[in-house]
Number of protein chains: 2
Amino acid sequence: MQPVEHQHDPHKPPHPPQRVHPSIQDVADEAGVSIATVSRVLNSPNLVAPATASRVRQAVEKLGYVPNAFAQGLITRASKVLALALPDIHGEFYSELLRGADGAAKALGYHLLVASAQGTPADADMGLGPVLGLVDGIALMVTEPNDALLKRAASARIPAVVLDAPDPHHADSITVDNHAGATQATEHLLSLVSPRDAYFAGGPPENYDSKTRAQAFLETLKAHGNHVPADHVASGSFSFEWGERFARGLIKDGRLRGAGILAGNDEIAYGIIHAAEAEGLIPPRDFVIVGFDDTRLASLIRPTLSSVRVPMSDAGAKAVGLLVNRIKNPNLPPQRVSLTPTLVPRQTTASAPARPRPPAR
Amino acid sequence: MQPVEHQHDPHKPPHPPQRVHPSIQDVADEAGVSIATVSRVLNSPNLVAPATASRVRQAVEKLGYVPNAFAQGLITRASKVLALALPDIHGEFYSELLRGADGAAKALGYHLLVASAQGTPADADMGLGPVLGLVDGIALMVTEPNDALLKRAASARIPAVVLDAPDPHHADSITVDNHAGATQATEHLLSLVSPRDAYFAGGPPENYDSKTRAQAFLETLKAHGNHVPADHVASGSFSFEWGERFARGLIKDGRLRGAGILAGNDEIAYGIIHAAEAEGLIPPRDFVIVGFDDTRLASLIRPTLSSVRVPMSDAGAKAVGLLVNRIKNPNLPPQRVSLTPTLVPRQTTASAPARPRPPAR
DNA sequence: TCCCGGGATGAAAACCATATCATGAAAGCC
DNA sequence: GGCTTTCATGATATGGTTTTCATCCCGGGA
């Protein structure tokens, strides 16, 4: 409860004694200077005499003055806040991304406003409408080619960068070279098993990342001169359960033993391993498998999971970097940054699996 | 590249044809109304004639007008943005918290500005100084009793809530009842092993959560009528490596077999299990162990890890709820919300471990 | 016919910090 | 000693929106 100041002197309206938020004028009065001087003390201290400056600082302290960021922004047209719009913020993947973005933002003197599409209709603006005018730029990640928000940003002339998107609408973009990553992983698998034993257990069929990985898998197999049976490439979802289902399908047909599997992500791989384990089948003894994303879990489970590491933290940091760069140089041509994933081989591909029977030749 | 408008007519300064950000005045001109009417269309549409409203909306659309949030905030003194200041944003723990907070914020029409102490000195304001005037409130989590930011918020009269903190400075607070959680877990362990075989592998010695958990562990043991040897309660850090070190210490002395361990968090538990496994010791056959936090990993590793689930997502959501409530009712007495963790028993405590030798009696 | 009420709209104040320009004083120069 | 510089500071325009108050016009009641 704020102390009720003395209630005498009712004829002195300009500055009531105890306002909720003191303004620069209150500080100026308290220090006996003009508002211009207060502003200078706060922004370019070297322009003001030391004695005055310290008097002003005392007044600031005493009143608990915090410059009104709105008034500041109105003049400077900058809030030092960037919006980061993600499909979701849950899970290690986004956590990493956020960490990279946060670090870069802090280093560049910016702040991050996060927004997630969690539960909002896919084509909405993630509730960002009201703050569009508040942020200096937007880093946007979309899983499906949905760019309602991107279009709004463009029409409002707000700098934007797109993370990992199929069709960067002439905006800056960061992409992950899923093709290269999946190719690497597939080559690795093919060094252990025959192309005819290779499988791809993908994520959602409409997911761009997943599609790209599937395509790279197919192309690599073809490059090894092999026709790929359609049922060797499956899609489902990025989930543990789908991995289990996939594995059970393979087990039922007796095709898991000796197989080399590329999973759409680590989740799926864990599901596959889990379901296989229930049948006594363990990698790399009975089959080999590579995941995607290199989640922290990959090195904690036994056997440790070979996986393709996607540098999400870098992606977040680069996105912020690109965005800040664009804010400072609005007329640059569109920039594109591509990040290359790297294969991290672990126990699940440490050796070639036992073959149930010699390859028919 | 923006289209360069016709360059004739150099004598008409009031509103250059294509400004970067159209203002409400531009919209008003375009629609042939006053700015007051435009504002009304946007804020209380029922006060304006339908025909006029639609004309204004067309103009808004045409110009890609986005209200300047700074000017708005200057008047309304609200940004609908809340700051969420965390010690770190990495890892599942914070990810969960963030998810809960984000969901609640969205539901209440707010946005979240995240800030982490990552790399900043412990007593700094996390670089939040510049945006203090921009946010409507702050949710703050501190691991150590550091409240520089809290003090600043208080002196600037910015609503604040403290997450999981020892000394809520008369601010609203959310706490996790670590004591109850650890007591539950310890009781569970004591149903499987003798009190003399119980160990606590804690986190950082100065960490409040860890201290509380240690204390509950001790009290529970004492309640079971047992003196607890000092070396049964250790502290280190919240890390996998510390868990490994702790386990190796126990193994060296031949005390791991038959032990019942409460780990300060899941990380530590994983480290212990990992180090034990290297020696062929596996829970629950050779020892039993309970973690803390119930990370997703707990149910994915084999054996699955018993753990104490801390409802971080709820904590985040409640924090935002409390904060918004305080913003709307600034004169409420300080609120305190306590969240109770729940034990999730899994395989690592599925049965009593084999005892190396009968207890000396 | 006159007046009143109310719906629709406009004019202008207020919000607060920054930046430009102006002013005053002190210091340096020939 | 009168001049120009330089330094410290003050006065003021500016930014864009919300909101209050005033105005205008129209229709209905007396």
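Computed from heavy atoms alone, side chains included, the values below leave out hydrogens, waters and symmetry copies.
For the OP1/OP2 pair of dT17(D) and a distance below 4.0 Å, the side-chain nitrogens and oxygens of Y65(B) include at least one atom meeting the criterion. Side-chain N/O atoms of T52(B) include none lying less than 4.0 angstrom from OP1 or OP2 on dA8(C). Residue S39(B) has no polar side-chain atom (N or O) positioned under 4.0 Å from OP1 or OP2 of dT17(D). The phosphate of dG10(D) has OP1 or OP2 within less than 4.0 Å of a side-chain N or O from S34(A). Neither OP1 nor OP2 of dG15(D) sits under 4.0 Å from any side-chain N or O of N68(B).
Looking at heavy-atom distances under 4.0 Å, A36(B) makes contact with a base. Within 4.0 Å of L42(A), counting heavy atoms only, lies no atom of the nucleic acid at all. No contact: V38(B) has no heavy atom under 4.0 Å from any strand.
Here the closest non-hydrogen pair linking I158(A) and V135(A) is CG2-O, 4.5 Å. Nearest heavy-atom pair across A31(B) and R55(B) is O-NH1, 2.7 Å.
Among the nucleotides dA8(C), dC16(C), dT9(D), the one closest to any side-chain atom of R77(B) is dC16(C). Of the listed nucleotides (dT18(C), dG10(C), dA14(C)), dA14(C) has the atom at the smallest distance from the side chain of I75(B). Side-chain proximity of T76(B) to the nucleotides dG16(D), dA8(D), dT18(D) is greatest for dT18(D).
Under the 4.5 Å side-chain criterion, counting only non-hydrogen atoms from C-beta, T52(B) is in contact with T37(B).
Looking only at atom types and distance, the side chain of D136(B) has a donor-acceptor partner in the side chain of S79(B) under 3.5 Å away.
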